[in-house]
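We're numbering straight along the sequence, starting at 1. A quick note: this is a predicted structure, and the numbers were derived from the prediction, not measured.
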Amino acid sequence: APDYAPLLYEQGRLHQAQGDTTTAQKHFERAHAADTTYVVPEVATLRLLLDQEQSEQALEQANTTLQSAPYWPVYFAKARALGQLERYNEAVNVLRERCEQLNEKSYALYALMAELYVNEAAWTVAAWAVNEADSYEPARRGFVSRLLSAREQVEATDKGSLDAGRNAP
């Protein structure tokens with residue numbers, strides 16, 4: 001029987017949940033090879049690379065994937081990779097120019113944006129991003145702690161407060 005991409009992807013997710021990222025990665029690669037139009041395993045691979053802080057490889061793969069699949073999760077992964085590489089301005093540009101246009105109602109989008117603005121010490125827009133994130137329910141737990149950290153840093157500065165960021169761009 002031929003490989004069925006969604007099944008291979010789910011097998012990869014099971015291995016990933018058990019902490020076996022090597023086997024998970026192999027299943028994601030097989031799923032993508034079985035159906036190159038099925039982008040979900042590519043996004044899973046990008047997340048694995050980012051979790052392992054393989055930022056250069058993740059950025060390269062995101063750029064390659066975006067050539068045929070210009071989707072929000074791929075742009076978001078690209079922004080995360082740029083942030084890990086401390087290319088904060090480029091990461092924010094991807095979030096503002098690509099991700100926000102495709103899905104502006106995302107907790108993760110604004111949580112990551114807040115973190116990036118904090119890293120640039122752009123307190124007013126960091127406060128704005130924190131407030132925007134608070135408007136939405138988080139879909140993934142990982143971004144809750146990121147937003148809490150950004151919020152604490154914004155509140156600890158004299159240069160910005162959450163109230164000052166309410167109307168920032």
Side-chain angles (χ1 to χ4, degrees), residues 9 12-13 15-17 19-29 31-32 36 38-154 165 168-169:
Y9 164 73
R13 280 188 33 158
H15 285 283
Q16 184 178 12
D20 185 357
T21 57
T22 303
T23 304
Q25 179 65 38
K26 289 177 184 175
H27 282 288
F28 295 150
E29 289 170 2
H32 179 67
T36 58
Y38 186 50
V39 180
V40 176
E42 289 294 293
V43 172
T45 297
L46 287 167
R47 288 180 179 155
L48 270 180
L49 292 171
L50 291 164
D51 290 347
Q52 297 168 353
E53 296 187 11
Q54 295 180 30
S55 312
E56 289 286 351
Q57 188 177 351
L59 180 59
E60 183 179 312
Q61 182 165 339
N63 285 331
T64 299
T65 303
L66 284 168
Q67 292 174 13
S68 61
Y71 301 125
W72 189 93
V74 183
Y75 279 115
F76 188 77
K78 178 178 179 171
R80 283 185 61 198
L82 288 165
Q84 285 182 357
L85 293 167
E86 299 182 8
R87 292 164 58 181
Y88 304 127
N89 193 42
E90 289 176 72
V92 166
N93 286 341
V94 169
L95 292 174
R96 297 303 308 262
E97 295 171 10
R98 299 297 183 175
C99 291
E100 208 170 26
Q101 305 302 315
L102 296 169
N103 179 13
E104 66 181 348
K105 297 178 187 217
S106 167
Y107 181 94
L109 167 69
Y110 294 107
L112 179 57
M113 200 179 296
E115 180 179 74
L116 295 166
Y117 282 136
V118 164
N119 288 332
E120 291 185 309
W123 304 112
T124 302
V125 285
W128 168 80
V130 166
N131 289 326
E132 286 295 308
D134 282 340
S135 302
Y136 306 105
E137 285 294 317
R140 300 181 67 144
R141 287 216 173 271
F143 286 95
V144 173
S145 61
R146 292 176 118 147
L147 185 66
L148 287 174
S149 174
R151 180 190 319 280
E152 289 169 1
Q153 292 179 61
V154 167

Q: If you look only at pairs with a residue in residues 101-111, which of them pass as a side chain to side chain donor-acceptor pair (under 3.5 Å), with sequence neighbours excluded?
A: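 Qualifying pairs, neighbours excluded: Glu100-Tyr110.
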Q: Kindly write out the residues that satisfy side-chain contact (heavy atoms from CB on, under 4.5 Å) with Gln57, not counting sequence neighbours, or none if the list is empty.
A: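 By the side-chain contact (heavy atoms from CB on, under 4.5 Å) rule, Gln57 matches Leu49, Gln54.
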Q: Using ring-ring contact (aromatic ring centres under 6.0 Å, His included) as the criterion, list what pairs up with His32, not counting sequence neighbours.
A: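 Partners of His32 by the ring-ring contact (aromatic ring centres under 6.0 Å, His included) criterion come out as none, since no residue qualifies.
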Q: Could you tell me the separation between the NZ atom of Lys78 and the CD atom of Gln61, rounded to the nearest 0.5 Å?
A: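 If I round to the nearest 0.5 Å, the distance is 13.5 Å.
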Q: Sequence neighbours left out, what pairs pass ring pair (Phe, Tyr, Trp, His ring centres under 6.0 Å) with at least one residue falling in residues 43-68?
A: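 Not a single pair qualifies under ring pair (Phe, Tyr, Trp, His ring centres under 6.0 Å).
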Q: To the nearest 0.5 Å, what is the distance between CD on Gln25 and CG on Leu48?
A: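 Between Gln25 CD and Leu48 CG, I get 5.5 Å after rounding to 0.5 Å.
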Q: Working to the nearest 0.5 angstrom, can you tell me the gap between Leu95 CG and Leu109 CG?
A: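 The distance works out to 5.5 Å.
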Q: Can you name the residues that form a side-chain contact (heavy atoms from CB on, under 4.5 Å) with Ser145, not counting sequence neighbours?
A: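 Scan of Ser145 (side-chain contact (heavy atoms from CB on, under 4.5 Å), adjacent residues dropped) gives none.
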Q: Can you run down the salt bridge (Lys or Arg N to Asp or Glu O under 4.0 Å) pairs that involve residues 110-130, sequence neighbours left out, and say none if there aren't any?
A: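 Applying salt bridge (Lys or Arg N to Asp or Glu O under 4.0 Å) to every pair that reaches into residues 110-130, excluding sequence neighbours, yields Glu115-Arg146.
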Q: Any salt bridge (Lys or Arg N to Asp or Glu O under 4.0 Å) pairs touching residues 83-93, not counting sequence neighbours?
A: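 Sorted pair list: Arg87-Glu90.
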Q: Testing the basics here: between Ala91 and Gly83, what is the closest heavy-atom pair and its distance to 0.1 Å?
A: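 Residues Ala91 and Gly83, closest heavy atoms: CB-N, 3.8 Å.
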Q: Side chains of residues 66-74: which donor-acceptor partners sit under 3.5 Å, not counting sequence neighbours?
A:
from: Trp72; atom 1: NE1; to: Cys99; atom 2: O; distance (Å): 3.1

Q: With a 4.5 Å cut-off on side-chain heavy atoms, are Leu147 and Asp134 touching?
A: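 When only atoms from C-beta onward are counted, Leu147 and Asp134 do touch, with a gap below 4.5 Å.
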Q: Using the test side-chain contact (heavy atoms from CB on, under 4.5 Å), find all partners of Ser149 that sit at least two apart in sequence or belong to another chain.
A: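 Per chain and number, Ser149 pairs via side-chain contact (heavy atoms from CB on, under 4.5 Å) with Gln153.
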Q: Which heavy atom of Glu53 sits nearest a heavy atom of Gln84, and at what distance?
A: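 Distance-wise, the nearest heavy atoms are CA-OE1, 3.8 Å.
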Q: Asp51: which residues meet the salt bridge (Lys or Arg N to Asp or Glu O under 4.0 Å) condition with it, sequence neighbours left out?
A: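 Partners of Asp51 by the salt bridge (Lys or Arg N to Asp or Glu O under 4.0 Å) criterion, ordered by chain and then number, come out as Arg80.
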Q: What closest approach, in Å, do Ala77 and Leu50 show between heavy atoms, and which atom pair accounts for it?
A: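 The pair with the smallest heavy-atom distance is O-CD1, 3.7 Å.
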Q: Mind jotting down which residue pairs meet the salt bridge (Lys or Arg N to Asp or Glu O under 4.0 Å) criterion with at least one end in residues 56-73? Sequence neighbours excluded, please.
A: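 Salt bridge (Lys or Arg N to Asp or Glu O under 4.0 Å) check on residues 56-73 returns no pairs.
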Q: List for me each residue that meets salt bridge (Lys or Arg N to Asp or Glu O under 4.0 Å) alongside Arg98, sequence neighbours excluded, and say none if there are none.
A: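 Listed in chain order: nothing, the list is empty.
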Q: What is the distance from atom CZ of Phe76 to atom CG of Leu112, rounded to the nearest 0.5 Å?
A: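 One gets 4.5 Å once the value is rounded to the nearest 0.5 Å.
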Q: Any heavy-atom pair between the side chains of Arg96 and Met113 that's under 4.5 Å?
A: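 Answer yes - side chains close enough.
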Q: Please report the closest heavy-atom contact between Ala24 and Gly12, naming both atoms and the distance.
A: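 Nearest heavy atoms, Ala24 then Gly12: CB-O, 3.2 Å.
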Q: Does a side-chain heavy-atom distance below 4.5 Å link Leu82 with Tyr88?
A: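 Leu82 vs Tyr88: side chains apart.
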